[in-house]
Amino acid sequence: MKVKKSTAFAFVVPFLVFFAAFWVMPFVYGLYISLHKYSFAVGRQEFAGLKNYARILVGDSIHKEAFCLGMGNTIKFVICTVPILVLGSLALALIVNELPEKIKKYYRAIYFASYSVSVTAVASTFVWLMKGNGGYLNNLMIKMGLIDSPIYWLEKEPFVWITLTVATIWWTVGYNMMLYISALNEIDEQMYEAARVDGGGYWKTLIYITLPNIKSTFYFILMTTVIASFNVYGQTRLITQGGPGESTKSVIMVINSTILTNNNLGIGTAMAILMGLVILLCTLGQNWLTRERENL
């Protein structure tokens, strides 16, 4: 049955309305604010043009120093978490997928359960576990004789990065794992049977059948994980408060303090747009690498 164009358009209209209301209009308005001197107290004061961006990118202003600090910390967080969240979740999916059907569903539920927990609960749990004085992990390690004095997991580098990485992986690895498992279940079982008949072992089957058939899922998980890691805020805000010093202060924390604490909406919005451009460039780079590999 042929569907009329007007009927098809009627199904698209709700999406277009919500897309315009919740993405296009906020983006355009944010771009407008970033070009003005703007504060909550006074409102729009004067047109600044690209001066807000210049104060962030060039010169010796405090805004440039804060933005570069936040972006550097955020990139460090991306480097610490993304490889493990992408490759570690793949390893978990491969292991769980090989379990007997009777117990496979329980392991899937166990690993995915952490993803349903709020960031506040995750932060509270890891503060209780990793606190330097009186933390559960330190008390346990001292009782077992593994250490003589507490390790300051939340107060000193590089331990603070270990805490943030572990907390983030525990919280989100289950989601990526479920995506991989879904992709693994879509692979035709006859391909594995043919490989076994031809004498293909586990590693050859993994390299020549499993990985090529889930590469689209792999690229999707890589892209979304990078974007999510760039948007880190809850863990650094609630677990470390950006410390020690400002060594874990993410770029979103910098934007938040610029807007809400320093009452500078113009500069803060410009920072947010620059951060979005960085994420966009990373996404385009990944997309380019994906196409290059597919054409090889």
If I compare all heavy atoms of [X] with all of [Y], which pair ends up nearest, and what's the gap?
X: Y32; Y: H36; value: O-ND1, 2.7 Å
X: A21; Y: P26; value: O-CD, 3.4 Å
X: A270; Y: N52; value: CB-CB, 4.2 Å
X: T205; Y: G201; value: OG1-O, 2.7 Å
X: I239; Y: A167; value: CD1-CB, 4.0 Å
X: P14; Y: F11; value: CD-O, 3.5 Å

### Query
When you check the gap from the basic side-chain N to the acidic O, do E189 and R196 get nearer than 4.0 Å?
yes
### Query
Do H63 and F67 have ring centres separated by under 6.0 Å?
no
### Task
Please confirm whether Y115 and W171 have ring centers closer than 6.0 angstrom.
no
Distance in Å, [X] [atom1] paired with [Y] [atom2], rounded so as to fall on 0.5 Å steps:
X: N264; Y: S39; atom1: CG; atom2: OG; result: 8.0 Å
X: L90; Y: I84; atom1: CG; atom2: CD1; result: 14.0 Å
X: I273; Y: I56; atom1: CD1; atom2: CD1; result: 9.0 Å
X: N213; Y: L184; atom1: CG; atom2: CG; result: 9.5 Å
X: I255; Y: L260; atom1: CD1; atom2: CG; result: 11.0 Å
X: T224; Y: N176; atom1: OG1; atom2: CG; result: 6.0 Å

Can you confirm whether [X] sits close enough to [Y] that some side-chain heavy atom of one is under 4.5 Å from a side-chain heavy atom of the other?
X: L140; Y: L146; value: no
X: M275; Y: N231; value: yes
X: F77; Y: Q235; value: yes
X: M71; Y: V278; value: yes
X: F159; Y: Y152; value: no

Can you establish whether the number of heavy atoms outside [X] located under 6.0 Å from its atom [atom1] is more than 12?
X: D148; atom1: CG; value: no
X: Y202; atom1: OH; value: yes
X: F230; atom1: CZ; value: yes
X: Y192; atom1: OH; value: yes
X: Q241; atom1: CD; value: yes
X: K64; atom1: NZ; value: yes
X: Y107; atom1: OH; value: no
X: K156; atom1: NZ; value: no

Cluster link [X] to [Y], ILVMFWY, side chain under 4.5 Å:
X: F19; Y: M25; value: no
X: V78; Y: L281; value: no
X: I209; Y: V197; value: no
X: V13; Y: F18; value: no
X: V117; Y: Y175; value: no

Answer yes if the side chains of [X] and [Y] hold a donor-acceptor pair under 3.5 Å, and no otherwise.
X: T74; Y: S250; value: no
X: T248; Y: T240; value: yes
X: Y180; Y: S89; value: no

Given 3.5 Å as the limit, does a donor-acceptor pair link the side chain of [X] with the main chain of [Y], or not?
X: N73; Y: K249; answer: yes
X: N97; Y: A93; answer: no
X: S182; Y: M178; answer: no
X: T236; Y: Y233; answer: yes
X: D188; Y: M191; answer: no
X: S247; Y: P244; answer: yes
X: N138; Y: M130; answer: no
X: T81; Y: T165; answer: no

### Message
Show, in sequence, the C-alpha distance, side-chain angles and deciding distance for S34 and Y53, and conclude whether the side chain to side chain donor-acceptor pair (under 3.5 Å) test is met.
### Response
CA-CA 8 Å; S34 72; Y53 293 91; 2.7 Å; yes
### Task
Could you please spell out the steps behind the side-chain contact (heavy atoms from CB on, under 4.5 Å) verdict for F126 and W153?
CA-CA 10 Å; F126 274 86; W153 300 100; over 6 Å; no
### Task
Begin from the C-alpha positions of V96 and R108 and carry the test side-chain contact (heavy atoms from CB on, under 4.5 Å) through to its verdict.
CA-CA 7 Å; V96 171; R108 286 201 300 254; 3.9 Å; yes
### Task
Give the C-alpha distance, both sets of side-chain angles, the deciding distance and a yes or no for side-chain contact (heavy atoms from CB on, under 4.5 Å) between M271 and V251.
CA-CA 8 Å; M271 287 181 178; V251 68; 5.8 Å; no
### Query
side-chain contact (heavy atoms from CB on, under 4.5 Å) between T283 and V226: does it pass, once the steps are laid out?
CA-CA 8 Å; T283 304; V226 168; over 6 Å; no
